[in-house]
Structures are given as C-alpha cells and as structure tokens.
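Down below is the structure, laid out as structure tokens.
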Amino acid sequence: MGIGEGLEKDGTSLSQIPTYVTAVPNGTEKGLYMAVDLGGTNFRVCSIQLNGDTTFNLTFSKVAIPKELMVAKTAQELFAFLAKQIELFLQTHHEEHFEKHVRRRLTQSASDGFKDEHVFRLGFTFSFPVQQIGINKGNLIRWTKGFDIPDAIGKDVCALLQDEIDKLHLPVKVAALVNDTVGTLMARSYSSPGKTGAVLGAIFGTGTNGAYVEKLANVKKPLSGEYDKSTGEMVINTEWGSFDNQLNVLPNTTWDIALDKQSVNPGIQMYEKRVSGMFLGEILRLVIIDLLKNKDVSFFRDDNSSSNDWKSTTNIAPASGIYAQWGLDTSIMSVAAADNTPELSTLRQSLESDLHVYSPAIDDAQAFKAISAAIVRRSARLSAVAIAAIVLQTGKLTDPESAGEPIDIGVDGSLVEHYPYFRDMIYEALRIVDGIGEEGAKRIRIGIAKDGSGVGAALIALVAAGMEKSKSTADVLGELRSASHAEHLKTVPEKTGDN
Ligand code: BGC
C-alpha cells in the first residue's frame with residue numbers, strides 16, 4: 001500500500017510522517033496532565049491522572065465544534081475558540097489550581113509571568129496531517145474531514161494554540177503535539193501492557209488513520225528533528241486516509257464519485273471517503289436520492305395506504321436531511337444494524353424522528369438496512385486491508401522472536417465503538433487476506449483504546465516534560481519503568497497537580 005515509498009520520500013499519497021516518538025509506555029507512568037483533542041466533530045478538554053498501575057482517572061468536557069469555525073476565514077478564530085474552552089475547563093474542574101496560578105502570575109515579576117513548574121503541561125491531540133518538526137512543533141499539511149481554513153496551512157498549530165492561550169493568560173504550556181492515532185497507540189500500550197506493547201493505533205471514527213511502530217532502519221527519508229536512536233524504532237503516522245488517491249485499487253461507484261466531487265477536498269483522502277463515519281451516511285444519502293429519482297423503484301413511496309403495512313402513506317418532509325448534503329448522520333446506520341426486530345420498529349422510529357420520513361413501510365426499512373449494511377461492510381473490509389498491511393509490515397507474524405505472542409492493536413472512534421459487529425467484520429476480512437489467514441487473524445488482538453487520544457496526549461506530554469530536562473523519550477520512559485521509579489519521578493518537572 002505504498003508503505004515503503006512513504007518511508008523513503010515526502011509528498012507520496014501515504015505520507016508516513018515520522019512522529020519522533022521512539023518508545024511506547026508500559027503502564028507505570030504517573031502524573032497529572034492536561035490534554036485537548038481537536039478531532040473531526042468535537043473538541044475535548046481533559047485532565048488525566050496517570051496512576052502508574054495501568055489505570056488512570058480522566059475528567060473531561062466536550063463541545064461540538066461550530067460548523068462555521070471549521071471553515072473560518074482565519075486560523076485565529078478557531079484557535080481562540082479552543083483556548084476559551086481550555087479556560088472554561090480550568091475554571092470548572094481545576095478552580096483551585098486555576099486561581100492559584102492566576103494569582104501567582106499576577107504577583108510574579110519574571111518576564112514570562114510565572115515559573116515554569118507552575119504550568120499545566122498540555123498534550124495537544126490534533127487529528128489532521130501535520131509535518132512534525134519536534135515534540136511540540138508541527139506544520140499543518142492539509143485539512144480533512146470537512147475543515148477548510150486555508151490560512152492555517154503550513155503554520156505551526158502548537159504556536160497557533162499557545163498564542164491564544166497566552167492572550168487569556170492561562171497557566172498552560174502546549175508541551176506535546178500528537179496525532180490521535182499516536183495517542184491511541186500510546187494509550188493502548190499504557191493500559192494493556194504486554195511483552196512488546198501495541199504495534200498499531202488506529203482510528204475508525206469521523207476520519208480514519210493509523211500509526212504504528214516502525215524500525216528506524218526502514219525510515220529512509222531524512223529526519224530533521226531531535227530524536228533518540230537507542231530504541232531502534234519510531235512511531236510513524238501513516239495518514240492512510242489518503243491511501244490510493246490515484247484510485248488504482250480502491251472501489252469507485254457513482255456515489256463515491258459524486259461524494260468526492262461535492263467535498264471540500266476533491267481527489268484526496270480517497271480511502272477515508274470510503275471508510276470513515278463522516279462519509280458513510282453521505283454515501284447512503286446519495287444512493288437514496290438515486291432511488292427516489294428512479295420511477296421504476298418504489299422506495300419511501302406508496303401507491304396508496306394499502307401498500308404500506310402501517311396502512312398509511314409514506315412521505316418525506318421537504319426539510320428532511322435526505323435532501324441536504326451531509327444531512328444523513330451515519331449514526332442511523334448503527335441503529336439500522338442493531339435493529340433485528342421483526343418489524344424494524346426501532347429503525348422506523350429513527351427514520352421518522354431523525355430523517356423525517358413519515359410512516360416508512362417495512363420493505364422501505366428493510367431496503368434502507370440492507371443498503372446501509374453493504375456500505376459499512378465495504379468500509380470494514382477496507383479497514384481490514386490497512387490493518388493487514390501494517391501487521392505484515394511489522395513482520396511479527398513470521399518473526400520467531402514474537403512467535404505465539406498476540407499482535408496488539410488499539411482502536412478508537414465512533415464507527416468501531418458504536419457500529420455493531422464492525423470489529424467482527426474486520427476479522428472476517430483479515431482471515432482471507434494473503435499472508436494473514438485464519439492463524440494470523442487469531443493472533444491479531446484488536447481492542448478498544450477508549451479515550452486513547454486524551455491519555456496518549458498526556459503520556460506524550462509526560463515524555464516532553466522529561467525532554468525539557470534534555471532527556472530522550474527512552475530515558476524518560478525507561479526511568480519511569482525502573483524500580484526506583486518514585487525517586488526518578490522527582491526529576492520529571494511536570495506534577496502540576498501536586499503544586
Ligand atoms: C486525519 C488524521 C486523523 C484521522 C482520524 C484524518 O482525516 O487526516 O490525521 O488521524 O482523520 O481522526
């Protein structure tokens with residue numbers, strides 16, 4: 001899937017972005033951190049207490065990103081909104097610290113306002129393709145998932161956020177920049193440590209992507225930032241959403257073509273447009289529109305009340321989401337899949353309440369369910385292709401050193417979390433992939449890494465805090481793992497919660 005090519009040079013459709021993260025955690029890490037997550041749909045602010053025993057406590061707030069900010073004129077408008085949410089979170093959940101920090105800041109005479117150790121270290125999960133140039137520095141390559149703010153392209157997203165945080169005088173330092181897949185990989189390794197940790201973190205949500213642990217020797221393209229060579233590995237953010245933008249192998253239906261044409265980024269994220277949650281509902285909507293236009297098909301339409309099992313007439317309100325781009329939310333596809341009642345009454349109720357299709361007949365609901373299932377099954381099977389490619393790339397299936405060990409994969413995202421049997425459909429497809437087969441599929445352990453991006457960002461903020469004292473990732477994680485762990489923790493500056 002172009003894995004090798006992306007490791008050799010920049011500008012390929014599979015970006016294969018080096019993350020400069022060279023080790024995965026093992027569950028013994030400790031401390032209180034903040035994390036924010038700008039995904040495709042929501043902005044989450046959280047604080048995470050890592051307990052050092054593979055468990056954590058997480059407090060979070062979540063707000064839907066206003067649609068107009070996704071296409072704002074300037075990056076500043078979006079990032080000011082994000083900083084404001086951080087302020088609200090601190091006021092609500094960490095009032096004590098917030099007050100204390102603000103007071104300190106006001107009384108501190110140092111030019112930067114206050115001492116660094118009184119600052120919350122924040123991990124910034126930014127779920128878009130970024131050319132990372134350091135642990136808290138990275139330039140936006142392109143927007144995805146319906147965002148379109150050209151002003152931000154090429155800019156350092158950490159600096160954009162830090163500027164707005166500073167304008168509000170918040171005691172917060174953007175310490176680490178993390179893609180959500182990298183966060184998921186880190187979180188999975190923290191929560192379910194095995195002998196070797198997870199090999200892949202993947203998101204199947206609004207968007208899709210994966211990050212995996214690659215051998216440094218295979219990373220042939222030049223690496224500009226600082227990194228630790230001792231582990232011989234580096235986490236690579238594949239940005240597989242743009243796999244096969246050329247459409248050499250991806251399926252391409254008339255509805256895929258229409259969706260792409262009407263999107264804000266035609267020609268890119270072509271794999272994502274067939275796989276992830278943001279797009280599946282839109283594909284279904286486009287199919288439905290075609291069926292409605294087809295005079296020979298009776299869909300959401302009856303001749304009279306006798307052809308409807310509810311003895312009524314089906315009609316679609318003009319304001320139905322069916323008639324508006326992005327108007328069919330993918331979540332109804334989970335409802336369709338989960339409804340196995342003889343009359344599909346739950347689905348029919350959702351068709352009424354969510355899509356304003358009144359009195360849908362049973363055969364309409366059955367057709368809706370069947371088409372929806374086909375779209376998601378294709379998505380799951382394509383998801384399996386990406387997972388299989390990474391598993392094969394790691395060589396773990398044939399490596400005698402990992403013989404018999406599970407190949408651990410952390411996943412997160414609304415699709416894999418909420419769509420019934422999504423994971424089972426992935427397994428079904430994995431079993432028939434060349435080089436994986438029944439035996440290989442049995443060794444692949446796909447588990448949900450819930451809140452992965454928050455916990456993962458906190459873990460990377462922890463690493464970053466250690467690096468500020470000129471330590472490498474491996475040093476910091478290594479020290480935290482060592483027996484005299486508590487002693488070493490004192491050398492890691494971040495422990496805001498203890499202040
Ligand atoms: C972005 C990735 C992200 C994925 C999942 C994609 O659209 O390009 O960076 O990891 O969505 O959120």
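Everything quoted here is computed from the prediction, not taken from an experiment. Both ligands and their constituent atoms are indexed starting at 1 by order of listing.
Regarding atom 5 (C) of ligand 1, its nearest protein heavy-atom neighbour is Asp180 OD2, 3.3 Å. Of the protein's non-hydrogen atoms, the one nearest atom 11 (O) of ligand 1 is Lys145 NZ, 3.1 Å. For atom 9 (O) of ligand 1, the nearest protein heavy atom (residue, atom name, distance) is Glu239 OE2, 2.6 Å. With respect to atom 4 (C) of ligand 1, the closest heavy atom belonging to the protein is Asn209 CB, 3.6 Å. Among protein heavy atoms, the minimum distance from atom 1 (C) of ligand 1 is reached at Ser127 O, 3.4 Å. Ranking the protein heavy atoms by distance from atom 6 (C) of ligand 1 puts Glu272 OE2, 3.0 Å first.
Close approach of ligand 1 to Gln269 (heavy-atom distance below 4.0 Å) involves ligand atoms 7 (O), 8 (O). Remark: ligand 1 atoms within the under-4.0 Å shell around heavy atoms of Thr144 are 1 (C), 6 (C), 7 (O), 8 (O).
Using a 4.0 Å heavy-atom cutoff, Pro129 is listed among the residues neighbouring ligand 1. Using a 4.0 Å heavy-atom cutoff, Arg142 is absent from the residues neighbouring ligand 1.
Contacts of Asn179 with ligand 1, taken as heavy-atom pairs under 4.0 Å, involve the side chain alone.
Remark: side-chain polar atoms of Asp244 are paired, donor with acceptor, to backbone N or O of Leu250 under 3.5 angstrom. Put simply, the side chain of Glu282 gets close to the backbone of Trp326: a donor and an acceptor are under 3.5 Å apart.
The residues Glu417 and Lys450 are annotated as salt-bridged, a charged nitrogen and a carboxylate oxygen being separated by less than 4.0 angstrom. The pair Arg378-Asp256 counts as a salt bridge, with a side-chain nitrogen and a carboxylate oxygen less than 4.0 angstrom apart.
Partners of Phe126 by ring-ring contact (aromatic ring centres under 6.0 Å, His included), not counting sequence neighbours, listed by chain and number: Phe124, Phe128, Trp143.
Under the 4.5 Å side-chain criterion, counting only non-hydrogen atoms from C-beta, Trp240 is in contact with Ile390.
Aromatic ring pairs are classed by plane angle as parallel below 30°, tilted from 30° to 60° and perpendicular above 60°; the pair Phe81 and Phe43 is tilted.
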Listed pairs under 3.5 Å, donor-acceptor, residues 56-69 side chains, sequence neighbours left out:
{"unit_1": "Asn57", "atom_1": "OD1", "unit_2": "Asn51", "atom_2": "ND2", "d": "2.9"}

